[in-house]
Each structure stands twice: as C-alpha cells, then as structure tokens.
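This report concerns only the one structure given below.
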Protein chains: 2
Amino acid sequence: MTQASTLLQQAESQCHIRGVRFTPIRRRVLEMIAENGGGLKAYDLLDKLSTEHAAARPPTVYRALEFLIDQGLVHRIESQNSYVACACPEHAHGFQLLICRHCGYVEELHLDEISAQLAALAKSRGFNVERQTIELQGLCQDCRTASE
Amino acid sequence: MTQASTLLQQAESQCHIRGVRFTPIRRRVLEMIAENGGGLKAYDLLDKLSTEHAAARPPTVYRALEFLIDQGLVHRIESQNSYVACACPEHAHGFQLLICRHCGYVEELHLDEISAQLAALAKSRGFNVERQTIELQGLCQDCRTASE
DNA sequence: CATTGTACTAAAATCCATTTTCATATAGGA
DNA sequence: TCCTATATGAAAATGGATTTTAGTACAATG
C-alpha cells in the first residue's frame with residue numbers, strides 16, 4: 001500500500017467520524033497532493049485537475065484546499081504558497097517542515113518539545129501563541145549526497 | 001530618539017561600513033517599515049511612497065526591499081507576504097517573529113538555543129538547514145488584555 | 001417526499017506580487 | 001574630469017492568488 005493511499009483511507013475515516021463530506025473532488029485533490037513529494041501550488045493543482053475534470057476552476061481548487069486544511073489533512077507552506085499533505089492527520093498539534101531547496105521534497109516533523117518551548121518563551125513575553133509556522137529550508141540527505 | 005530613527009542610524013552606518021549605498025528611496029522605505037508597528041505589504045509601501053514620490057512604481061519598491069533584505073535590515077514575513085524592519089541588524093543569525101493576529105504588531109526574537117536545536121534535529125535526519133522561517137501567530141499582551 | 005444546508009458549476013473580475021526591458025541619471029573611483 | 005558601476009525612471013506585461021456572484025445539484029434529515 002502506498003503512503004498516499006494510506007493517507008486517503010485515514011482521511012476518509014476521519015471525515016466520516018467528524019460527519020463532514022469527503023467528496024470526490026476533495027479526495028482527488030488530496031490524492032494529488034499526497035502523491036507529489038513536495039509542495040503543490042494552487043494552479044498546479046488546477047492544471048492537473050483540469051485534465052480529468054473539465055469543469056475545474058480556481059474556486060474548485062481553493063474550496064477543496066480550504067476544506068482539507070480545515071480538516072488538518074493538508075498544510076499550507078507559507079514560504080512558497082504551496083500545499084503538502086499532512087503526514088499524520090491524527091496528530092493535532094504543531095508541526096515543522098523540512099523543505100529541500102533542490103528537489104522540493106518536504107518532510108513533516110513533530111517536535112513537540114520545541115513547539116512547547118517556543119510557546120512558553122512567547123508566553124513569558126506576554127504573547128499567546130495560537131499557531132506556529134516553522135519551515136526549515138535547506139538540503140535533504142539525497143541532494144547533499146548527490147552534490148558531492 | 002524613536003526606535004525608527006535609531007534603526008535608520010544603524011542602517012546608515014552599516015551600509016557605510018559595507019560600502020553599499022543607502023539611498024534616499026531605500027532610507028525612506030526602511031523608515032516607513034520601521035515606523036509601522038507590524039508588517040507592511042509591497043503595495044502598501046507603494047501607496048505610501050507614491051504620495052511623496054510620484055515616480056514610484058512596483059519595481060521601485062521591490063528593488064528597495066531586495067536591497068534592504070540583502071543587507072539584513074528588513075525581514076519578509078512569509079505567512080503574510082509582508083515586510084518588517086529587522087529589530088537588531090547587527091545580529092546575523094536566525095530570528096523568530098511573534099505576530100499578533102489582532103493588532104498586527106510584530107516582535108522579533110533571537111532564540112538562538114531553539115534555532116540551534118532545530119538545526120541539530122534536522123541534521124540528525126540528514127537534513128542541512130540553511131534558513132529558518134519561524135512565525136508564531138497569536139495574541140499580544142495588549143490585545144489579550146483588551147479582549148477580556 | 002419535502003426541506004434545508006452544503007457542495008459544485010460557471011464566468012469573470014480583481015487584487016496582488018513580481019518581472020522585464022530599456023533608457024537615463026548619478027555617485028564614487030581612476 | 002572621465003569612466004564605470006550602480007541606481008532610478010518609465011511603461012508595461014505577466015503570473016499567480018483569490019474573491020465575487022449567482023445559479024444549480026445533491027445529500028442527509030425529518
């Protein structure tokens with residue numbers, strides 16, 4: 001079973017539990033994002049979707065993305081206006097992304113310690129953290145090896 | 001002395017030391033960003049600049065921004081495509097931003113420990129971090145107090 | 001089976017971000 | 001003072017992100 005299909009099954013059951021609709025379009029958009037190693041941009045998605053779904057328009061994609069993000073199934077990569085599948089949708093808290101500048105591959109981490117430290121440090125300055133955006137850009141193992 | 005004028009002086013001397021030109025436009029753009037508590041977007045800057053500098057066009061702003069970012073005088077806020085003045089330009093390393101979702105105020109932190117931890121953890125997974133984007137969204141002290 | 005809320009179609013506009021190109025001006029070094 | 005690199009002016013195009021509006025389809029619920 002591929003990782004993408006596992007994610008789709010998880011998504012399916014989560015949506016069912018929550019009583020929200022995991023429609024074909026939403027499923028397909030998530031699938032496309034999951035199959036792609038790195039971030040996909042809205043118009044990349046629209047292009048892909050258009051080939052099999054002629055009615056697709058920008059709102060089609062943006063609605064699907066909004067839904068998927070609300071459900072915690074997709075993350076927006078702020079530093080590049082793109083979207084990745086959430087690696088473990090059951091994990092509700094903060095996450096960190098490793099983004100390879102060479103191959104575009106994105107890995108999701110859950111360094112809860114760090115998240116907690118950041119929240120605590122902010123709190124000590126009177127700031128109440130509600131959301132964290134942590135994106136680390138650099139070179140992944142493979143691209144480092146390849147560039148030697 | 002206001003904080004903005006201190007920053008301008010620092011910027012001035014740093015540019016002098018580095019042998020790069022701190023032109024009137026660059027100075028003014030930095031000043032506008034510094035005077036604003038939070039992030040300013042490119043077109044906000046263009047609007048402001050236009051009122052006193054009729055020739056201002058998008059490239060005028062983008063060139064100034066590019067320069068200021070290269071010189072470490074301005075940071076781009078990835079999560080909102082906006083720009084803030086760097087609070088301590090002499091500090092070369094990573095930074096973290098606290099961004100109030102209510103008033104837009106932005107505070108810059110330099111939690112070098114956290115930066116180092118993140119880099120180390122990434123490294124242990126074979127990933128070499130070159131740049132960190134850390135933005136914490138939430139409520140600042142004032143806005144928390146006000147909303148009680 | 002009727003109602004109601006949610007999702008989707010359809011078309012377009014808008015807004016925003018950014019780049020391109022080429023000409024002109026100007027500051028600092030030779 | 002001249003030369004050259006850098007900065008700016010000027011006009012426009014491009015590319016991408018996102019929203020708006022209004023109508024239609026459809027699924028779950030009672």
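Given the structure is predicted, the values throughout are model-derived calculations rather than measurements. So that the names make sense, note that chain A is the first sequence line, chain B the second, and so on, each numbered from 1.
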Using whole Å, report how far OH of A:Y43 lies from C1' of C:dT18. 16 Å
Let me know the distance between CG of B:L45 and P of C:dT18, rounded to the nearest Å. 12 Å
Provide, to the nearest angstrom, the distance between the NE2 atom belonging to B:H16 and the C1' atom belonging to C:dG28. 11 Å
Starting from C1' on D:dG9, measure out to CG on B:L49 and report it in whole angstrom. 13 Å
In whole Å, what is the span from the CZ atom of A:R27 to the P atom of C:dA7? 16 Å
Starting from P on C:dC15, measure out to CG on A:N81 and report it in whole angstrom. 19 Å
Would you mind telling me which of D:dT18, D:dG9, D:dA7 lies closest to the side-chain atoms of B:R26? D:dA7
Quick check against the 3.5 Å criterion: does B:E108 have a side-chain atom that pairs as donor or acceptor with the backbone of B:A87? yes
Any N or O donor-acceptor pair under 3.5 Å from the base of C:dT9 to the side chain of A:R63? yes
Looking at B:H53, I'd like to know whether one of its side-chain N or O atoms comes within less than 4.0 Å of OP1 or OP2 on D:dT8. no
Do A:V74 and A:R76 make a side-chain contact, defined as non-hydrogen atoms from C-beta onward lying under 4.5 Å apart? no
5′-ward residue of the pair B:P59/B:V20 relative to DNA chain D: B:V20
When you check the phosphate oxygens OP1 and OP2 of C:dA17, does a side-chain N or O of B:K41 lie under 4.0 Å from one of them? yes
Taking the nucleotide of DNA chain D with the closest heavy atom to each, which residue, A:A42 or B:A64, is nearer the 5' end? B:A64
If you check every side-chain atom of A:R21, which of D:dA17, C:dC16, C:dT6 has the closest atom? C:dT6
Short side-chain N/O contact to C:dA27 OP1/OP2 from B:T23, under 4.0 Å: no
Under 6.0 Å from the ring centre and within 45 degrees of the ring axis: does the NZ or CZ of A:R26 meet both conditions for the six-membered ring of A:F67? yes
From CZ of A:F22 across to P of C:dA7 the rounded distance in Å is 13 Å
In terms of hydrophobic clusters joined by side-chain contacts under 4.5 Å, are A:I33 and A:L8 together? yes
It should be established whether A:R57 places a side-chain nitrogen or oxygen under 4.0 Å from OP1 or OP2 of nucleotide D:dT19. no
Is A:E135 salt-bridged to B:R131, cutoff N-O under 4.0 Å? no
Nearest-Å distance for atom pair OH/P, residues A:Y62 and C:dC8: 17 Å
